[in-house]
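Counting starts at 1 for both ligands and their atoms, in listed order.
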Amino acid sequence: MKIPFVDLKSQYLSIKNEMDSAIQEVISHTAFVGGQTVKSFEDAFAGYSGAAYAVGCANGTDAIEIALKAMGIKPGDEVIVPACTWISTAESVSAIGAIPVFADVLPGLYTIDPEDIGRKVTSETRAIIPVHLYGLPAEMDEIMDVADKHGLMVMEDCAQAHGATYKGKKVGTFGKAASFSFYPGKNLGAYGDGGAMITDDERIAETMSMICDHGQKGKHNHLIEGRNSRLDGIQAAVLKVKLNHIEKWTDARNGNARYYNEKLADTGLLIPVIPDYSRHVFHLYVVQVENREQIMKLLGEKGIATGIHYPTPLPYLKAYEKLGHQPGDFPVSYRQKDKILSLPMFPELTREQIDYVCESLMGVAVS
Ligand SMILES: *Cc1c(COP(=O)(O)O)cnc(C)c1O
């Protein structure tokens, strides 16, 4: 049986008519960049996310950078980020001249360790970027406590967590602002690149919009220097259609994850924790195994696609070699790096496919 890692084709086919006509409408109005479709998606996305404002932009990496800038992060400021995340989280901090400072993650949860944040705070620290990695909300109560204690701002990286909640509250609404990615494989994915920022602060929202459009407030009225990072009309139309389906898709991801967890419960593999106070949205389903490379190869031979998210914790990448970090600096991240394995996860995955993945995995993992 062939099981892809994600299946964007079957999702498209399930909404083809609705999608094709939404895209066709943008083309017939030639509203290719900005315009009514973008505005209408931004409003819908703000509503979905429980925020007062949403501002679309070109991608999820720009979203982090622009949100930090709009919040007033300046060159030389230190921003604490998790050691385990996609590089965008740290890269965007550096892009504005600020300094990413890494904190370790929690064992078994994969999100930033609030106690380690406390240890990394200096007189230059201005903000924390929790990442709701794999779709699991970070421990926001503890994170907000550390932030309050040291007077730090919080910018949530929600690129993997559309629709996730922590103690009943949507992720992205805890800090001053939050960023989202609409990369095609994300839980809410465009048919190209896209991103958005949300906030409840009107002034921050206005600054975000200006930065995305060359610092303009109205045509040719450049109040600041900005850049070009705009969401295009076709992507906004695609996202607006998908927003109508995301709840049922998220529930399907959850059902798949719980079924995986049931099947893998007694195998000795470390399976994902699903805290009862959070809505995990399972962007990725990540287990920990021994002999990972061998397992990946054998699963591959059985037609099962797997992935590693991410093979090297950021502090140990060549890009951050200059910081001179040692394995003991982030022991949890270091220990899990050779064990984490992402199994196929998407809403349309069938029980039969999950059975096949689990049986194949058990067959190769115990040998
Ligand atoms: C995907 C992702 C991003 C970046 O999004 P792009 O749209 O690809 O720029 C940022 N942070 C995390 C955690 C991500 O997974």
Practice task
Applying side chain to side chain donor-acceptor pair (under 3.5 Å), run through Tyr334 and Asp104 and close with a yes or a no.
Solution key: CA-CA 9 Å; Tyr334 198 82; Asp104 208 357; over 6 Å; no
Problem - Partners meeting ring-ring contact (aromatic ring centres under 6.0 Å, His included) with Tyr277 (sequence neighbours left out) - result: Tyr166
Side-chain donor-acceptor distances from residues 67-83 under 3.5 Å, at least two apart:
| residue | atom | partner | partner atom | Å |
| --- | --- | --- | --- | --- |
| Lys74 | NZ | Gly72 | O | 3.4 |
| Asp77 | OD2 | Lys74 | N | 2.7 |
| Glu78 | OE1 | Thr122 | OG1 | 2.8 |

Completion exercise
Applying side-chain contact (heavy atoms from CB on, under 4.5 Å) to Lys169 and not counting sequence neighbours gives Thr173, Phe174
Exercise for the section: For the residue pair Leu323 and Pro315, establish whether any side-chain heavy-atom pair is separated by less than 4.5 Å. Expected result: no
In a simple table, one pair per line, please give the protein and ligand 1 atom names for every N or O pair closer than 3.5 Å, along with the distance.
| residue | atom | partner | partner atom | Å |
| --- | --- | --- | --- | --- |
| ligand 1 | 5 (O) | Ser181 | OG | 3.2 |
| ligand 1 | 7 (O) | Gly60 | N | 2.7 |
| ligand 1 | 7 (O) | Ser181 | OG | 2.7 |
| ligand 1 | 9 (O) | Gly60 | N | 3.3 |
| ligand 1 | 9 (O) | Thr61 | N | 2.9 |
| ligand 1 | 9 (O) | Thr61 | OG1 | 2.5 |
| ligand 1 | 11 (N) | Asp157 | OD1 | 3.4 |
| ligand 1 | 11 (N) | Asp157 | OD2 | 2.8 |
| ligand 1 | 15 (O) | Gln160 | NE2 | 2.8 |
| ligand 1 | 15 (O) | Lys186 | NZ | 3.1 |

Practice task
Check whether the side chains of His245 and Glu18 place a donor and an acceptor atom closer than 3.5 Å, and report yes or no.
Solution key: yes
